[in-house]
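Report on one structure; see the data block that follows.
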Number of protein chains: 2
Amino acid sequence: MPYLLLKDLPRYECLLEAAKEFPDLDPSAAEAFLHLLHTGDEVFGVTDQNLGEHDISQGRFGVLMLLWRGAQPRETRLLCAEECLPGPRTPAELAEAAGVTRATMTGLVDTLERDGFVKRQPDPEDRRQMSVRLTARGEKFLQAFLPGHFKAIAALMSPLSEAERKTLVRLLGKIQERAAVLHHRAKGAALAPTG
Amino acid sequence: MPYLLLKDLPRYECLLEAAKEFPDLDPSAAEAFLHLLHTGDEVFGVTDQNLGEHDISQGRFGVLMLLWRGAQPRETRLLCAEECLPGPRTPAELAEAAGVTRATMTGLVDTLERDGFVKRQPDPEDRRQMSVRLTARGEKFLQAFLPGHFKAIAALMSPLSEAERKTLVRLLGKIQERAAVLHHRAKGAALAPTG
DNA sequence: GGCAGACAGTTAGCCTCCTAACGACAATTG
DNA sequence: CAATTGTCGTTAGGAGGCTAACTGTCTGCC
């Protein structure tokens with residue numbers, strides 16, 4: 001579990017009290033913020049436990065899913081961004097798709113290859129590049145693992161009705177959009193603080 | 001940013017397609033699940049950026065907040081679990097409150113002490129224990145940092161109305177509850193698989 | 001009083017992430 | 001064609017998580 005998060009979230013009344021001293025503190029915003037991080041962490045923890053029982057980490061699972069995408073016939077691909085292009089193949093593409101650095105991807109592919117889930121092959125056309133492919137063992141692992149994973153996700157979301165799930169996704173979407181703007185602006189500001 | 005998460009979430013139609021092959025895959029559950037993790041990560045990233053600009057990590061910030069709690073007069077404490085007891089003082093208490101192991105807390109306090117935000121003192125009454133206290137510098141940092149932090153949180157949640165925030169917290173609460181049960185059950189099952 | 005067990009904090013070793021820098025290669029451009 | 005510039009994968013070193021094991025201290029029981 002990656003975040004350091006408080007086990008007990010502060011009560012709303014405490015936030016109200018604190019807002020008296022800090023006018024910038026918006027109690028309902030802080031409450032939603034803390035619940036969002038906390039719930040994300042809990043949910044993450046449940047799936048992590050699942051993965052851990054199969055001796056695989058979140059990062060490695062992500063890479064396997066990305067590779068699997070291209071290995072499957074078009075109709076059954078889980079991850080089909082854009083026009084269902086063949087999945088990423090090189091470490092750089094995988095890193096971009098997974099949202100980690102190339103250096104991190106090197107480490108992930110290292111351990112996946114060590115465990116036999118994945119194989120590196122030099123690219124004959126561009127000798128800088130490598131081609132990463134799922135092995136039969138890697139594919140077998142996914143076929144065996146995914147049903148349980150999907151069951152766990154379904155169980156996590158079972159307290160929510162279909163309508164509530166749609167609502168949740170809609171509300172989260174608003175925050176996502178806003179977060180992307182803030183993230184982007186902060187980056188831009190770092191490069192051009194006067195603009 | 002701690003999770004390895006896909007930059008582009010799979011589209012809902014793709015989940016529907018995949019559900020044909022995997023009957024355990026509940027498309028709306030998976031959609032909500034992915035959005036939850038993704039949004040949590042984005043939000044985390046924004047605050048992390050904020051913290052990073054002040055050369056402090058999420059983990060260290062959490063420890064400072066826990067220590068600050070006790071250093072403040074009762075009325076203005078942000079984190080007042082139970083009856084607003086004095087905040088945690090020993091590494092073990094801090095670890096418990098933050099949800100990390102004692103070993104991890106040793107490392108966090110190490111770096112915080114190195115940077116002058118915190119001070120370790122031996123407890124004269126129980127020579128096994130240490131007492132961790134915020135220094136003047138640590139307190140000053142929080143006073144300077146918190147307003148911006150609160151502003152960022154308010155900005156993140158600004159697209160949501162008060163009613164939507166309440167709804168979000170309610171829905172997240174349901175998932176949290178469920179996740180806690182699943183987490184607990186999985187742990188118990190590991191200890192007593194037949195019971 | 002003395003000893004077994006429990007508890008506090010630390011240490012050691014591992015994993016996953018990061019940034020920065022490198023060597024090898026490709027692409028561009030004079 | 002040669003030099004610059006950019007890209008690819010890797011390496012090195014740092015931070016923050018974890019578990020397991022250790023040391024020192026307290027507690028409880030005989």
Side-chain angles (χ1 to χ4, degrees), chain A residues 1-5 7 41 44-45 48-49 51-64 88-115 118-132 187 190, chain B residues 1-5 41 44-45 48-49 51-64 88-115 117-132 187 190:
Chain A
M1 285 189 264
Y3 300 164
L4 183 139
L5 287 172
K7 267 185 74 176
D41 200 50
F44 185 80
D48 209 44
Q49 209 168 33
L51 285 161
E53 283 162 19
H54 291 77
D55 284 318
I56 197 112
S57 74
Q58 292 274 355
R60 282 156 58 176
F61 175 65
V63 176
L64 292 180
R89 285 272 181 267
T90 72
E93 286 168 350
L94 289 169
E96 168 67 16
V100 300
T101 62
R102 296 198 313 271
T104 297
M105 192 50 67
T106 295
L108 287 172
V109 174
D110 276 352
T111 67
L112 282 171
E113 191 168 28
R114 182 198 62 192
D115 294 350
V118 135
K119 209 166 154 51
R120 276 188 181 93
Q121 285 172 330
D123 182 330
E125 295 188 6
D126 185 338
R127 281 187 293 174
R128 291 172 304 181
Q129 288 188 181
M130 301 294 287
S131 178
V132 183
K187 270 188 213 162
Chain B
M1 283 189 266
Y3 300 163
L4 184 139
L5 287 172
D41 201 49
F44 185 80
D48 210 41
Q49 210 168 33
L51 285 161
E53 283 162 19
H54 292 78
D55 284 319
I56 198 112
S57 73
Q58 292 274 356
R60 279 154 65 172
F61 175 64
V63 175
L64 291 181
R89 285 271 181 266
T90 71
E93 286 167 350
L94 289 169
E96 168 67 16
V100 299
T101 62
R102 296 197 314 266
T104 297
M105 191 51 66
T106 294
L108 287 172
V109 174
D110 277 352
T111 68
L112 283 170
E113 191 168 28
R114 182 200 62 194
D115 294 350
F117 290 122
V118 135
K119 207 165 156 49
R120 277 189 180 92
Q121 285 173 329
D123 182 329
E125 295 189 5
D126 185 337
R127 282 186 292 175
R128 291 173 303 180
Q129 288 188 183
M130 300 295 286
S131 178
V132 183
K187 269 190 217 160

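In the text below, chain A, chain B and the rest are named by the order of the sequence lines, each starting its count at 1.
Distances shown here put every side-chain N or O of T104(B) at or beyond 4.0 Å from the OP1 or OP2 atom of dG16(D). Regarding contacts with the backbone of dC26(D), a side-chain N or O of R127(B) is found under 4.0 angstrom from either OP1 or OP2. Residue R60(A) places at least one side-chain N or O under 4.0 Å from the OP1 or OP2 atom of dT16(C). Contact annotation: S57(B) reaches the phosphate of dG16(D) (side-chain N/O to OP1 or OP2, under 4.0 Å). Between R120(B) and dT10(C) there is a side-chain N or O to OP1 or OP2 distance below 4.0 Å.
The 5' end of DNA chain D is approached more closely, in terms of each residue's nearest nucleotide, by D126(A) than by the other of D110(A) and D126(A). Mapping S131(A) and P124(B) onto DNA chain D by nearest heavy atom places S131(A) at the nucleotide closer to the 5' end.
The nearest whole Å value for the distance from the CG atom in L94(B) to the C1' atom in dA8(C) is 13 Å. Counting to the nearest Å, the C1' atom of dC7(C) and the CD atom of E125(B) are 17 Å from each other. Distance CD1 (I56(A)) to C1' (dC15(C)): 13 Å, rounded to an integer number of Å. Taking atom CZ of R102(B) as the reference point, atom C1' of dA20(D) lies 11 Å away to the nearest angstrom. With rounding to whole Å, Q49(B) atom CD is found 12 Å from dT19(C) atom P. Between R114(B) atom CZ and dG14(D) atom P the separation is 11 Å, expressed in whole Å. Between Q58(A) atom CD and dC15(C) atom P the separation is 17 Å, expressed in whole Å. The separation between D123(B) atom CG and dT10(C) atom P is 13 Å, rounded to whole Å.
The T106(B) side chain lies nearest to dT11(C) when the options are dT11(C), dT25(D), dG6(D). Counting only heavy atoms from C-beta on, L108(B) has its side chain closest to dG17(D) among dC25(C), dG17(D), dC26(D). Distances from the side chain of T101(B) to the nucleotides dG16(D), dT16(C), dT19(D) place dT19(D) closest. Here the nucleotide nearest the side chain of R128(A), chosen from dA12(C), dG9(D), dG6(D), is dG6(D). For Q129(B), the listed nucleotide lying nearest its side chain is dA8(C); candidates were dC15(C), dC8(D), dA8(C).
Among residues two or more places apart in sequence or in another chain, the side-chain hydrogen bond (donor to acceptor under 3.5 Å, both in side chains) test is passed with Q121(B) by none. Applying the salt bridge (Lys or Arg N to Asp or Glu O under 4.0 Å) rule to D123(A) yields no partners; only residues at least two apart in sequence or on another chain are considered.
Tested against R60(A) for a side chain to side chain contact (heavy atoms under 4.5 Å, CB included), the candidates L108(A), D55(A), L51(A) yield a single pass: L108(A).
A distance-only check finds a donor-acceptor pair linking the side chain of E113(A) to the backbone of R120(A) [under 3.5 Å].
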I56(B) vs F117(B), side chain to side chain contact (heavy atoms under 4.5 Å, CB included): CA-CA, chis, key distance, verdict: CA-CA 11 Å; I56(B) 198 112; F117(B) 290 122; 3.9 Å; yes
